[in-house]
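Heads up, the thing below is written out as structure tokens.
All chains are named by letter (A, B, ...) in the order of the sequence lines, taking the proteins before the strands, and each is independently numbered beginning at 1.
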Amino acid sequence: MTNKYYEFFCPVKVIAGKAALEHIPYELSGLAAKRPMIITDKGVRAAGLLNPVIAACEESGLEIVSIFDDVPPDSSTTVVRDIARVYRKEKCDSIIAIGGGSAIDTGKAVNILVSEGGDDIAKYSGAGVLKHPLKPFFVVPTTAGTGSEVTSVAVISDEKKGVKLPFTSSFLLPNAAIIDPRMTLTLPPHITAATAMDAMTHAVESFTCMAKNPLSDAYATAAVKKVSRSLLGVMDNPKDEDGRLELAQASTMAGIAFSNSMVGLVHSLGHATGAICHLPHGLCMSLYLPYVLEFNLESIREPLGELLLYLEGPEVYSATPAARRAEASISAIRKLRDALYKRCELPRTLKETGKVLESQLEAIAKMALDDGSIMFNPKEVSLEDALSVLRRAWA
Amino acid sequence: MLVKRLQPMISHARRNYVELMFQVMGRALQAISEVDETTRKETRALPDGFLFEMQVMPNGPKLIVEHTGDGLLHYHSNGAPRAVDLSIQFKHITHAFLVLSFQEKTSVAFANDRMLVDGDVSLAVRMTRVLNRLESFILPKLVAQRAVKEYPADLHLPEKLMSAARIYLKVATHFVETVRA
């Protein structure tokens, strides 16, 4: 018998497809919630994305008691405390987070405070601190990439101490994730591309890193297939609702995959680059993915070769000799990046971003070595290794 | 039937083995920080007075080391003097045994959810690198290859033997001093 062992957990009800938003009132009533609060950001409100949610609730006689629309891109402990105060003052009983990663993480953190009590979110930081289920919590993602709607993690900045506080608990998972294509129809091309490549990276790393397991593999391969088949179509026709839904589902599936199998060096480098050079996360993922796969190649040849089926389809897969499939998978990812560069100039190298200096590479490499995700990279990474990947990604 | 009778003995032996390995590793961590500059480069990033613990949940065997400054680690044989800053916890004695008997690599144990990190994850990554370096030094190459993700290519036999001898000597001295005290 081998030592193989894995864990897989995802209790989030996924409500996806046409008119999915209209299920929110019913789902809330199923949890005895009558006074929901919406947590979102100004961009989402300005894009008119709250309107279908509010209309769906009003038509069912459900009043949205409060709307907080001022979540910043990097949410903080102060913002969380302020929202929790509004929640209590308005006697809300549930939360609907609408937005990208920041709004969703803020929703998770507010749910901790309003469920557990107190004003200091920092004291709930860490893993396994929460011991009880929280208030009803729904998530409506407006980007198709982060997968935050199905992850049990939230990160909030403590601006006084200048640190990022991580919160990890299965109780942070929402009761339901509502995936409605209307919510991503207006995403601009470069964000559509970067977030889809974020989902692609979640899926590829989930499938090739150390904690992969049969269940996360199933979600990861399905996500790779959906992104590969739909992304360029959506880039050419942004109003393609079916394609948008495919990308949104891919993001959720990739989120389920990586939250149960973790990610590797692409994320370590991406987190460090984001912290030092303030590049968007999805862009970093797209940028580093092929270079890291090349670095890991000999450790991941078999699973990476398998991915060719989902990246390029059965004809290409069967026509490619088994020994060349891993390289062909990397080529397919490069081809996709080239196509995205042609459509929206999504950078393929650090130099193309125009925001990274060559002199910053060493600092990025050093920081990446201490990132938690590096533990799950299939190959050991030294400082020199990280630097060589960065140099290859430079230009 | 025989297995049933032997089970308590096996459990007891496993616990004793894990306890002994923690004692050896704790002392060896102190020793490697004294003999290896690469290790000190890693541990210098820890705050002074930083307490690191490896423990079997809930109240099983544990090892505790403290960063006393300039990259030097000190093994606390009588428990932590105060609340620890970082704890890596095995969920069960069986999981600790798998890792400490080199049947499962530390990185695989993390991937398999055998262990939890309570504290700063980036420092846990750093301490894992130190543990890997220690295992690469003190274990025969064939065994070390089972314990670490990748055996360091630049670790050659003369350096390994010299360092291992110095680490083992320091561990033995520390054991003797503990018994005398």
Region of A:M375 in contact with chain B, defined by heavy-atom distances below 4.5 Å: both
Without placing hydrogens or testing angles, list every side-chain donor-acceptor pair under 3.5 Å for residues 122-130 of chain B, not counting sequence neighbours.
residue: B:S122; atom: OG; partner: B:D120; partner atom: OD1; Å: 2.6
residue: B:R126; atom: NH1; partner: B:E42; partner atom: O; Å: 3.0
residue: B:R126; atom: NH1; partner: B:E42; partner atom: OE1; Å: 3.3
residue: B:R126; atom: NH2; partner: A:D370; partner atom: OD2; Å: 2.6
residue: B:T128; atom: OG1; partner: B:A124; partner atom: O; Å: 2.6
residue: B:R129; atom: NE; partner: B:E42; partner atom: OE1; Å: 3.4
residue: B:R129; atom: NE; partner: B:E42; partner atom: OE2; Å: 2.8
residue: B:R129; atom: NH1; partner: A:L369; partner atom: O; Å: 2.7
residue: B:R129; atom: NH2; partner: A:D370; partner atom: OD1; Å: 2.7
residue: B:R129; atom: NH2; partner: B:E42; partner atom: OE1; Å: 3.2

Measure the spacing between OH of A:Y5 and CZ of B:R114 and express it to the nearest 0.5 Å. 6.5 Å
If contact means a heavy atom pair closer than 4.5 Å, which residues of residues 377-389 of chain A contact chain B? A:N377, A:P378, A:K379, A:E380
B:R14 atom CZ, over 12 foreign heavy atoms within 6.0 Å: yes
Counting only heavy atoms not in B:N78, do more than 12 fall under 6.0 Å of its CG? no
Does a sphere of radius 6.0 Å around CD in A:E302 hold more than 12 heavy atoms from other residues, nucleotides or ligands, not counting ones at 6.0 Å or beyond? no
Checking heavy atoms, do the side chain of B:V148, its backbone, both or neither come under 4.5 Å from chain A? neither
Could you walk me through whether B:F110 and A:M210 pass the side-chain contact (heavy atoms from CB on, under 4.5 Å) check? CA-CA 9 Å; B:F110 268 116; A:M210 290 182 67; over 6 Å; no
Using non-hydrogen atoms and a 4.5 Å limit, figure out which bit of B:D118 sits close to chain A: side chain, backbone, both or neither. neither
Closest heavy-atom pair and its distance - B:A111, A:A211: O-CB, 3.5 Å
Would you say B:K160 has more than 12 foreign heavy atoms packed within less than 6.0 Å of its NZ? yes
Does A:Y219, at its OH atom, have more than 12 non-hydrogen atoms belonging to other residues, nucleotides or ligands within less than 6.0 Å? no
